[in-house]
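Worth saying up front: this structure is predicted, and the values here are computed from it rather than measured.
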Amino acid sequence: QLQLVESGGGLVQPGGSLRLSCVASGFTLDYYAIGWFRQAPGKEREGVSCISSSDDSTYYAGSVKGRFTISRDNTKKTVYLQMDSLKPEDTAVYYCAVDVGPWSGSYCLRVYEYDYWGQGTQVTVSS
């Protein structure tokens with residue numbers, strides 16, 4: 001059974017860092033693109049970052065570019081989201097998801113490109 005499990009969320013002060021992990025099971029991570037998304041209370045889910053399966057192409061939302069870094073370790077079946085210089089507006093539940101279709105390139109931040117989702121991990125940035 002295909003499953004994604006996120007971890008690494010928590011409470012951090014503004015300017016701090018967190019590293020989120022997304023562990024895959026039930027499928028071969030190597031073959032698929034993975035996206036990170038977030039949803040704040042009262043807001044729609046939005047794409048944060050995504051990474052391709054083949055050449056590790058990456059894309060970032062403008063609001064996180066230069067602060068967040070996505071990476072993958074297929075041997076550990078894990079995709080990471082390193083988040084630095086966190087701001088209060090980064091507070092949200094963060095989700096990872098897998099796109100089992102063809103690589104969508106620059107459209108990989110779109111929610112509807114993705115087929116399976118994890119349960120999410122809460123990130124709270126507050127002093």
Exercise. If a pair satisfies disulfide (SG to SG under 2.5 Å) and one of its residues is in residues 49-78, list it, with sequence neighbours excluded.
Key: Cys50-Cys108
Practice problem: Please list, chain by chain and in numerical order, all residues satisfying salt bridge (charged side-chain N to carboxylate O under 4.0 Å, His left out) with Arg19, sequence neighbours excluded. | Solution: none
Exercise. Using the test side chain to side chain contact (heavy atoms under 4.5 Å, CB included), find all partners of Ser85 that sit at least two apart in sequence or belong to another chain.
Key: Arg67
Exercise. Determine the minimum heavy-atom distance between Ser53 and Ala33, stating which atoms define it.
Key: CB-N, 4.1 Å
Self-check item: Any Thr91 side-chain heavy atom under 4.5 Å of Gln122 side chain
Solution: yes
Quiz item: Among pairs that include at least one residue of residues 1-11, which meet salt bridge (charged side-chain N to carboxylate O under 4.0 Å, His left out), considering only residues two or more places apart or in two chains?
Solution: none
Quiz item: At what distance, to the nearest 0.5 angstrom, does OG of Ser57 lie from CD1 of Ile51?
Solution: 8.5 Å
Quiz item: Do other residues, nucleotides or ligands put more than 12 heavy atoms under 6.0 Å from Glu89 CD?
Solution: yes
Quiz item: How does the hydrophobic cluster around Tyr80 look, that is, which other residues are in it when side-chain heavy atoms under 4.5 Å mark a link?
Solution: none
Exercise. Determine the minimum heavy-atom distance between Ser126 and Pro14, stating which atoms define it.
Key: C-CD, 3.6 Å
Self-check item: Residue pairs, two or more places apart or on separate chains, that pass disulfide (SG to SG under 2.5 Å) and touch residues 69-99
Solution: Cys22-Cys96
Exercise. Could you list all the ring-ring contact (aromatic ring centres under 6.0 Å, His included) pairs where at least one residue sits in residues 107-127, not counting sequence neighbours?
Key: Phe37-Tyr114, Phe37-Trp117
Quiz item: Side chains of Val98 and Leu4: does their closest heavy-atom pair fall under 4.5 Å?
Solution: yes
Exercise. Sorted by first residue and then second, give each salt bridge (charged side-chain N to carboxylate O under 4.0 Å, His left out) pair with at least one member in residues 111-127; sequence neighbours left out.
Key: Arg110-Glu113
Exercise. Report yes or no: do Leu2 and Ile34 belong to one cluster of Ile/Leu/Val/Met/Phe/Trp/Tyr joined by side chain heavy-atom distances under 4.5 Å?
Key: yes
Practice problem: Can you see which heavy atom on Ala40 is nearest to which on Ala92, and at what distance? | Solution: N-CB, 3.8 Å
Exercise. Begin from the C-alpha positions of Val123 and Val125 and carry the test side-chain contact (heavy atoms from CB on, under 4.5 Å) through to its verdict.
Key: CA-CA 7 Å; Val123 172; Val125 185; 4.2 Å; yes
Self-check item: Listed once per pair and sorted, the ring-ring contact (aromatic ring centres under 6.0 Å, His included) pairs that draw on residues 39-75, sequence neighbours left out
Solution: none
Quiz item: Would you find a donor on one side and an acceptor on the other, under 3.5 Å apart, between the side chain of Ser49 and the backbone of Ile70?
Solution: no
Quiz item: Can you name the nearest heavy-atom pair linking Gly8 to Leu18, along with the distance?
Solution: O-CD2, 3.8 Å
Quiz item: Got a sec, which hydrophobics cluster with Val23, joining ILVMFWY side chains under 4.5 Å apart, including via others?
Solution: none
Quiz prompt | Donor-acceptor pair, side chain of Thr124 and main chain of Leu11, under 3.5 angstrom | solution = no
Quiz item: When rounded to the nearest 0.5 angstrom, what is the spacing between CG in Leu29 and CZ in Arg72?
Solution: 4.5 Å
Quiz item: Could you go step by step and tell me if Ser71 and Val79 meet the side-chain contact (heavy atoms from CB on, under 4.5 Å) rule?
Solution: CA-CA 6 Å; Ser71 62; Val79 176; over 6 Å; no
Practice problem: Go through the steps to decide whether Thr78 and Asp73 satisfy the test side chain to side chain donor-acceptor pair (under 3.5 Å), and finish with yes or no. | Solution: CA-CA 5 Å; Thr78 302; Asp73 184 340; over 6 Å; no
Quiz prompt | Residue pairs fulfilling side-chain hydrogen bond (donor to acceptor under 3.5 Å, both in side chains) with at least one residue in residues 22-39, sequence neighbours excluded | solution = Arg38-Glu46, Arg38-Ser63, Arg38-Asp90, Arg38-Tyr94, Gln39-Arg45
Quiz item: Can you check whether Ser17 reaches Met83 side chain to side chain, under 4.5 Å on heavy atoms?
Solution: no
Practice problem: Only pairs at least two apart or in different chains count here, so list each salt bridge (charged side-chain N to carboxylate O under 4.0 Å, His left out) that has a residue in residues 118-127. | Solution: none
Quiz prompt | Shared hydrophobic cluster for Val12 and Leu81 (ILVMFWY, side-chain gaps under 4.5 Å) | solution = yes
